Amino acid sequence: MHKKIIHSLILIVMGTASYAQNQQIVIPIETRQNALVLQTDKETHLGIIYFGKKLSQSAEYKSIPLQSRQHDGNAGIYNSAYTPSGTWSISEPALQLTHGDGNKSLDLVYVSHKTTKENDNVSITSIILKDPVYAVEVTLFYKTYFQENVVEQWSLIKSEEKNPVTLQKYASANLYFIAKDYYLTHYNGTWAKEMNPEEELLTAGIRVLDSKLGTRANLFQPPSFSLSFDKPATETEGKVLLGTLAWSGNFKMDFEVDSYHNLRLIAGINPYASEYPLASKQEFKTPSFIYTFSENGKGEASRNLHNWARKYRILDGEGTRMTLLNNWEATYFDFNEDKLSELFKDGKKLGVDLFLLDDGWFANKYPRNSDQAGLGDWQENVKKLPHGIGYLVKEAQKTGIKFGIWVEPEMVDPKSELYEKHPEWVVKQPQRPEHYMRNQLPLDLSNPEVQNFVFGILDKLFTENPDIAYIKWDCNAITFNAYSPYLEKTKQKQSQFYVDYVKGLYKVLEKLRAKYPKVPMMLCSGGGGRVDYEALKYFTEFWPSDNTDPLERIFMQWEYSYFFPAIAQSAHVTDWGKQPLKFRTDVAMMGRLGYDIVVSHLNEKDLKFSQQAVASYNSVKDVIFQGDLFRLVDPTKNSYAALMFAAKNKSKAILFSYLVGNRNGDGSDTPFRLEGLDGTKNYKVKELNLYPETKSALKEDQIYSGEYLMTVGFNPVVNARRTSVVVEIEVVP
């Protein structure tokens, strides 16, 4: 009996094709609150039978299909866990390929599955599917983060065919949802106008979100979205899924409402101009599709992602961040050692941790005095910096602050020595005129020589100047005239380029982090052109937009916050916008605080205020970085905005509120309810960032219970005279 029981357990956990023919296999993918349930049918095809709140009795999952009367043999299996093309299904495929003999048909049947635990919180379920005729195998991976209610999903495609297989479409995830209605929130924009949300009711047909830009692929649309079920979700109510693709290149997401009004979602690399050859015994791993689901609104879903990202994905996500002073808007390209040395002193006077030297420090034959020339020639400009970067690092240290530097290593100006020496490294069509963005072109990162060159730029900086404490990595151009001289020379397919470019970028970053694992790096792509969770494995933060107008940033940072925690968002105080310095500073404090101003131009009160603001920020930034975010008053629907970060132990919270309207009477006339506090504890409030010689409108000697603040609410008194307010809410000992 004992041996029979063990044998039965092996069959249930691992499965076999013959066993599956006789008994349908049920595979629950569960987190603390949610479940995705897969099941084989009589033909051993794998389908999705449930997505939503986890059942306490998992044995009941197998009964779910018995309730359905939706059986459509015409379109194949709508709910396929990974839809093949060319055989029994005529639905939009997750995998489309051409076999080595030219045949374009594909079928995938269940073979086996297993679940392994990395630790008490993280598990990976892998499911093997095979074509019964051709030697093609797909493994579906579902990595669950139990406490965070996050699933990371990808696929691994293998071929044992004698001749190469050509992949035409190769998705990361294929999901299926059943609800009354589906509301998709997606984002659009362009340079300095990123993250504009649009919510739409999905109707019959396919809604596509995609990018074909190559580099800086997020410029017009990010690979992130939210999906509400039955009705539009609010912050605290409704069923909602937040999803994002961890890929820094072209992406495509298909949202198909099928003939039963159910929703199919297919997400992955964009197959546009990207047929990919797969040789015998080779593997193709797709990027991760990351998602979380909540039945309690968008706020809980976003906190799920934040908790996951800080712990498992963002570099040093559970650490801290330095404040900095950047010289870009103070000097642009016009600086020298003396100017920079004065700025070091300004940074020290301000109280920041680091000085960041931006664009313009390099190139000699074609000096980098504008964005017209020099990109690619990474030697210090001897006229501006006769003593080199090493001198600046030491001068900054003497002043008492650290030193960081800007690079854009993936790009080249046509007017540069690099372009003259290595035109074969440049992405351009050989028979067409060059087309520029910011007067530059991408380098061909599919080429291992170029990968070594790009790594060498950073390696040389660090080797010669080991005390460099920060890197700003920029990427200002998209890919026009996509063509790889390297792929042509090595007789590979040009259709590999878009994928191989991104793979090459990751190889460089992997190598860089292996040698320099801890140096903070900002992911900057001319603003929010490259914001994804694969790149953020290597970067500590990203630059949301080149638009630093604080009013615009309130809206942008609000939308980014659904997918990325505050510790990952860089926010600078600049001269953009018409708002007073206090307003600009208060907004920038919602992320990693930096300054891009001329400190010497500040009057006495502005300087005093800024110094106090940096000190206040340092005293509360741990709550902003590691606390739970609650969006309280939506700026798109009200004349003011409010959000707060609450410490995990509920001992402290930081409330930010801003006037975003300009009509008479706009502001916070009534209190709004706070969240994330302990209803049984008492709290005192204190206004931070008061401008010198002004008094708070708040009654700061009053004690409020957490129950009061979360039931009756609190009014920070935002109006035309108090356009921005920051409040510290702290438990009374």
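Bear in mind the structure is a predicted one, so any value in this text is a computation, not a measurement.
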Checking Asp316 against Arg321 for the salt bridge (Lys or Arg N to Asp or Glu O under 4.0 Å) test, could you report, in this order, the C-alpha distance in whole Å, the side-chain angles of both residues, the deciding distance, and whether it holds? CA-CA 9 Å; Asp316 194 27; Arg321 298 290 184 267; 3.6 Å; yes

Passes side chain to side chain contact (heavy atoms under 4.5 Å, CB included), Phe630 versus Arg673? Steps please. CA-CA 11 Å; Phe630 297 90; Arg673 293 178 178 180; over 6 Å; no

Take Leu340 and Leu357 through the test side chain to side chain contact (heavy atoms under 4.5 Å, CB included) and record every step on the way to the result. CA-CA 8 Å; Leu340 295 178; Leu357 175 59; 3.8 Å; yes

Dump the intermediate steps for side chain to side chain contact (heavy atoms under 4.5 Å, CB included) on Phe362 and Leu375, then the final yes or no. CA-CA 8 Å; Phe362 51 90; Leu375 197 58; 3.9 Å; yes

Can you check side-chain hydrogen bond (donor to acceptor under 3.5 Å, both in side chains) on Glu198 and Asn188, steps first, answer last? CA-CA 8 Å; Glu198 289 188 16; Asn188 62 71; 2.9 Å; yes

Between Tyr617 and Ile624, does the side chain to side chain contact (heavy atoms under 4.5 Å, CB included) criterion hold? Intermediate values first, please. CA-CA 9 Å; Tyr617 177 76; Ile624 297 169; 4.2 Å; yes

Would Tyr560 and Gln569 satisfy side-chain hydrogen bond (donor to acceptor under 3.5 Å, both in side chains), going step by step from the backbone distance to the final call? CA-CA 8 Å; Tyr560 275 120; Gln569 297 193 45; over 6 Å; no

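Ion pairing of Lys398 with Glu395 is present here, as a side-chain N (NZ or NE/NH1/NH2) and a carboxylate O approach within less than 4.0 Å. Using a 4.0 Å cut-off between a side-chain N of Lys or Arg and a carboxylate O of Asp or Glu, Asp371 and Arg438 qualify as a salt bridge. The existence of a salt bridge linking Asp575 and Arg584 is confirmed by a sub-4.0 Å separation between a basic side-chain nitrogen and an acidic carboxylate oxygen. Salt-bridge check for Asp467 with Lys402: failed, with every basic side-chain N at 4.0 Å or more from each acidic carboxylate O.
Nearest heavy atom pair, residue Met195 against residue Glu559, reads O-CG, 3.6 Å. Val393 approaches Phe403 most closely through the heavy-atom pair CG2-CD2, 3.6 Å. Contact record, Pro635 with Val660: O-CG2, 3.9 Å, taken as the closest heavy-atom pair. Residues Thr585 and Ala613 share a closest heavy-atom pair of CG2-CB, 3.7 Å.
Neither side chain, Asn476 nor Gln440, offers a donor N or O lying under 3.5 Å from an acceptor on the other. Neither side chain, Glu337 nor Tyr391, offers a donor N or O lying under 3.5 Å from an acceptor on the other. A donor and an acceptor atom, one from each side chain of Arg592 and Thr540, are nowhere located under 3.5 Å apart. Side chains of Asp459 and Tyr516: a donor on one and an acceptor on the other come within 3.5 Å.
The shortest side-chain heavy-atom distance between Leu523 and Val531 does not fall under the 4.5 Å cut-off. Side-chain contact between Tyr683 and Lys650: present, with at least one pair of heavy atoms (C-beta onward) separated by less than 4.5 Å. In this structure, Asp606 and Tyr691 have side chains that are in contact, with non-hydrogen atoms separated by less than 4.5 Å. At a threshold of 4.5 Å between non-hydrogen side-chain atoms, the residues Val519 and Arg513 count as touching. Under the 4.5 Å side-chain criterion, counting only non-hydrogen atoms from C-beta, Asp334 is in contact with Lys339. Counting heavy atoms from C-beta on, the side chains of Val598 and Asp346 never come closer than 4.5 Å. Here the side chains of Asn336 and Leu385 are not in contact, with every heavy-atom distance at 4.5 Å or above. Residues Gln626 and Arg310 form a side-chain contact, since some pair of their non-hydrogen atoms from C-beta on lies under 4.5 Å apart.
Under the side-chain hydrogen bond (donor to acceptor under 3.5 Å, both in side chains) rule, Arg368 has a single partner from Asp377, Asn381, Asp413, which is Asp413. Looking at Tyr332, Phe344, Phe355 one by one, the single match for side-chain contact (heavy atoms from CB on, under 4.5 Å) with Asn327 turns out to be Phe355. When each of Thr574, Thr331, Asp358 is paired with Asn326, the side-chain hydrogen bond (donor to acceptor under 3.5 Å, both in side chains) condition holds for Asp358 and for no other. Here the rule is ring pair (Phe, Tyr, Trp, His ring centres under 6.0 Å) with Tyr658, and of Phe583, Tyr640, Phe555 only Phe583 fits it.
Taking the six-membered ring where the residue is Trp, the centroids of Phe645 and Phe625 are separated by 6.0 Å or more. Between Trp308 and Tyr533, the ring centre distance stays below 6.0 Å. Between Trp328 and Phe333, the distance separating the two ring centers is shorter than 6.0 angstrom.
The distance from atom CG of Leu325 to atom NZ of Lys348, rounded to the nearest 0.5 Å, is 13.5 Å. Taking CG of Leu213 as the reference point, atom CZ of Arg530 lies at 11.5 Å (rounded to 0.5 Å). Distance check, rounded to the nearest 0.5 Å: CG of Asp359 to CD1 of Ile405 gives 10.5 Å. Distance check: Ser302 OG to Arg631 CZ gives 3.5 Å after rounding to the nearest 0.5 Å. Here the straight-line distance linking atom OG of Ser696 with atom NZ of Lys686 works out to 11.0 Å at 0.5 Å rounding. Annotation: the span from Ile468 atom CD1 to Phe462 atom CZ amounts to 6.0 Å, rounded to 0.5 Å.
For the pair Ser639 (side chain) and Gly667 (backbone), a donor-acceptor distance under 3.5 Å is present. Between the side chain of Asp596 and the backbone N or O of Glu329 there is at least one donor-acceptor pair closer than 3.5 Å. A donor-acceptor pair is defined here as one N or O able to donate and one able to accept, closer than 3.5 Å; such a pair exists between the side chain of Arg553 and the backbone of Ser545. Of the possible polar contacts, none joining the Lys681 side chain to the Ser651 backbone as a donor-acceptor pair under 3.5 Å is found. Remark: side-chain polar atoms of Glu380 are paired, donor with acceptor, to backbone N or O of Ile389 under 3.5 angstrom. For the pair Thr185 (side chain) and Glu199 (backbone), a donor-acceptor distance under 3.5 Å is absent.
Within a 6.0 Å sphere centred on NZ of Lys384, heavy atoms belonging to other residues, nucleotides or ligands number more than 12. Environment of NZ in Lys394: sparse, with no more than 12 heavy atoms of neighbouring residues, nucleotides or ligands closer than 6.0 Å. Shown here is Lys652, whose NZ atom has more than 12 heavy atoms of other residues, nucleotides or ligands within 6.0 Å.
For Gln612, the side chain to side chain contact (heavy atoms under 4.5 Å, CB included) partners two or more places apart in sequence, or in a different chain, are Lys608.
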Review item, side-chain donor-acceptor pairs of residues 698-712, under 3.5 Å, at least two apart:
from	atom 1	to	atom 2	distance (Å)
Glu700	OE2	Glu687	N	2.8
Ser705	OG	Tyr708	N	2.9
Thr711	OG1	Glu707	O	2.7

